2 protein chains.
Amino acid sequence: MISVDAFDLKILSALQDDGRLTNQELADRVQLSPSQCSRRRMRLEQDNVITGYRAELASDALGFGVVAFIQITLATHSPDNAERFRSLVGRIDAVQEAYSLTGDADYVLKAVLRDLKGLSDLVNNVLMPHQSVAHVRSSIVLDRLKDSARLPLKQLANG
Amino acid sequence: MISVDAFDLKILSALQDDGRLTNQELADRVQLSPSQCSRRRMRLEQDNVITGYRAELASDALGFGVVAFIQITLATHSPDNAERFRSLVGRIDAVQEAYSLTGDADYVLKAVLRDLKGLSDLVNNVLMPHQSVAHVRSSIVLDRLKDSARLPLKQLANG
DNA sequence: TAGCATTTGCACGCTCCTTGCGTGTCGTGC
DNA sequence: GCACGACACGCAAGGAGCGTGCAAATGCTA
């Protein structure tokens with residue numbers, strides 16, 4: 001298991017909030033020297049605790065007006081069919097996230113689209129006709145209460 | 001409306017993949033000088049097209065073994081009740097994302113937890129007992145097919 | 001307490017960032 | 001057709017930040 005101490009947690013937490021912090025700024029926040037922050041950060045990257053850095057973009061400002069959750073039930077649950085479906089999902093750029101789930105549906109997708117026409121296209125012309133898919137049910141996002149993409153690292157502090 | 005040209009799209013796309021690219025590396029990728037990349041990047045940040053930079057962490061490596069989608073139906077749909085629920089959700093760190101939706105449920109939450117006990121706690125001791133909530137249904141993530149958090153900027157290239 | 005391994009802060013050479021400046025290009029109005 | 005203003009561009013330079021080497025400090029084991 002990778003060991004992550006209190007300093008590492010502070011660093012991870014800070015970088016979760018601002019991924020472009022310089023080592024000097026990091027140093028101020030976690031009470032360590034810049035060089036040590038640099039070293040620790042490199043280790044965390046090497047150990048794949050930090051898997052990357054991403055710019056977060058304003059989807060609305062860029063013209064993506066529609067976000068939808070799409071629940072999918074497969075036609076059959078054979079490995080072949082599942083593989084076909086995974087391959088399909090991988091090729092659709094509009095699908096940001098895809099998970100297999102317990103419960104009613106087999107999969108849930110989160111898709112980002114320009115407008116309702118885009119969603120309609122995706123559902124009716126791509127997903128529904130695909131041989132691997134039996135059932136599709138989509139829910140459109142009306143309001144975004146929270147979208148942090150941050151892990152609750154505080155919970156690890158006392159453990 | 002904010003104008004975003006082909007260069008900007010390239011920059012956004014590159015920074016979506018690697019948010020710590022230097023302006024020199026950016027310059028190589030988009031065929032522009034480093035100074036221009038710097039200027040454009042600053043403008044995109046100023047205009048809130050880029051809303052921030054985040055380090056992406058390996059949830060499993062940090063001991064977050066359970067991700068769940070939780071569908072919520074409110075007890076009543078009064079503004080007061082909705083506000084109570086929003087406030088509740090805002091205070092729960094384990095809830096990464098929260099959306100109000102069309103369809104069966106009023107809201108869907110995406111929660112990240114250490115283990116099933118954590119999920120049980122959240123559902124049975126926090127959400128269920130809350131006065132604003134009538135119905136809770138949770139689905140556990142079995143497998144993550146895709147989790148890119150990237151906007152499909154390619155779709156904007158020809159528009 | 002002695003000894004070893006790890007972690008820390010500091011110094012320095014090097015890279016990179018950003019701002020000012022001059023140039024080129026495009027569109028507009030006279 | 002030409003002059004002018006508004007941008008967007010690349011270049012250069014001063015300044016900031018990065019990461020490695022090194023010695024001191026800390027912590028753990030025997």
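Every chain is numbered from 1, with letters handed out A, B, ... down the list of sequences. Keep in mind that this is a model prediction, so the values were computed, not measured.
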* Atom CG of B:Asp5 to atom C1' of D:dC9: distance rounded to whole Å? -> 13 Å
* Would you say the base of D:dC18 and the side-chain of A:Ser35 have a donor-acceptor pair closer than 3.5 Å? -> no
* Asked: When you check the side-chain N and O atoms of B:Gln96 and A:Ser148, is any donor under 3.5 Å from an acceptor?
  -> no
* Please determine if a side-chain N or O atom of A:Gln36 lies less than 4.0 Å away from the OP1 or OP2 oxygen of C:dT8. => yes
* Would you mind reading off the distance between A:Gln24 atom CD and C:dA11 atom C1', rounded to a whole angstrom? => 14 Å
* Starting at CG of A:Leu26 and ending at C1' of D:dC18, how long is that distance when rounded to a whole Å? -> 13 Å
* Asked: Would you say B:Ser33 reaches D:dC9's phosphate, i.e. side-chain N/O to OP1/OP2 under 4.0 Å?
  -> no
What does the list of N/O pairs under 3.5 Å between the protein and nucleotides 21-24 of chain C look like, with a distance for each?
none

* Asked: Going by heavy atoms closer than 4.0 Å, what residues in residues 10-23 of chain A are next to DNA chain C?
  -> none
Please table the atom pairs, donor to acceptor, closer than 3.5 Å between any side-chain atom in residues 62-76 of chain B and protein atoms at least two apart or in another chain.
residue: B:Gln71; atom: OE1; partner: B:Arg137; partner atom: NE; Å: 3.4
residue: B:Gln71; atom: OE1; partner: B:Arg137; partner atom: NH2; Å: 3.2
residue: B:Thr76; atom: OG1; partner: B:Ser78; partner atom: OG; Å: 3.4

* What's the CG-P distance between B:Leu32 and D:dC11, to the nearest Å? -> 11 Å
* Between B:Thr22 and B:Glu25, does any side-chain donor sit less than 3.5 Å from a side-chain acceptor? -> yes
* To do: Please say whether the positively charged group of B:Arg144, taken as NZ for Lys or CZ for Arg, lies over the ring of A:Tyr99, i.e. under 6.0 angstrom from the six-membered ring centre and within 45 degrees of the axis.
  => no
* Asked: Can A:His77 and A:Asp106 be said to form a side-chain hydrogen bond (donor to acceptor under 3.5 Å, both in side chains), step by step?
  -> CA-CA 9 Å; A:His77 290 79; A:Asp106 294 321; 3.0 Å; yes
* Asked: Once you round to the nearest 0.5 Å, how far does OG of A:Ser59 lie from CG of A:Leu113?
  -> 11.0 Å
* Determine the contact category for B:Arg43: base if any of its heavy atoms lies under 4.0 Å from a base atom, sugar-phosphate if only primed atoms, P, OP1 or OP2 are that close, otherwise nothing. => nothing
* Structure fact -> note: A:Met42, atom CE; D:dG21, atom P; distance rounded to Å ~ 11 Å
* **Donor-acceptor under 3.5 Å (B:Ser139 side chain, A:Thr102 main chain)** => yes
* Asked: Rounded to the nearest 0.5 Å, how far apart are CG of B:Leu44 and CG of A:Leu57?
  -> 9.0 Å
* Asked: How long is the line joining CZ of B:Arg40 and C1' of C:dC17, in whole Å?
  -> 18 Å
* Asked: Quick one: do the B:Arg39 and B:Gln36 side chains pair a donor with an acceptor below 3.5 Å?
  -> yes
* Asked: In whole angstrom, what separates A:Phe7's CZ from C:dT7's P?
  -> 12 Å
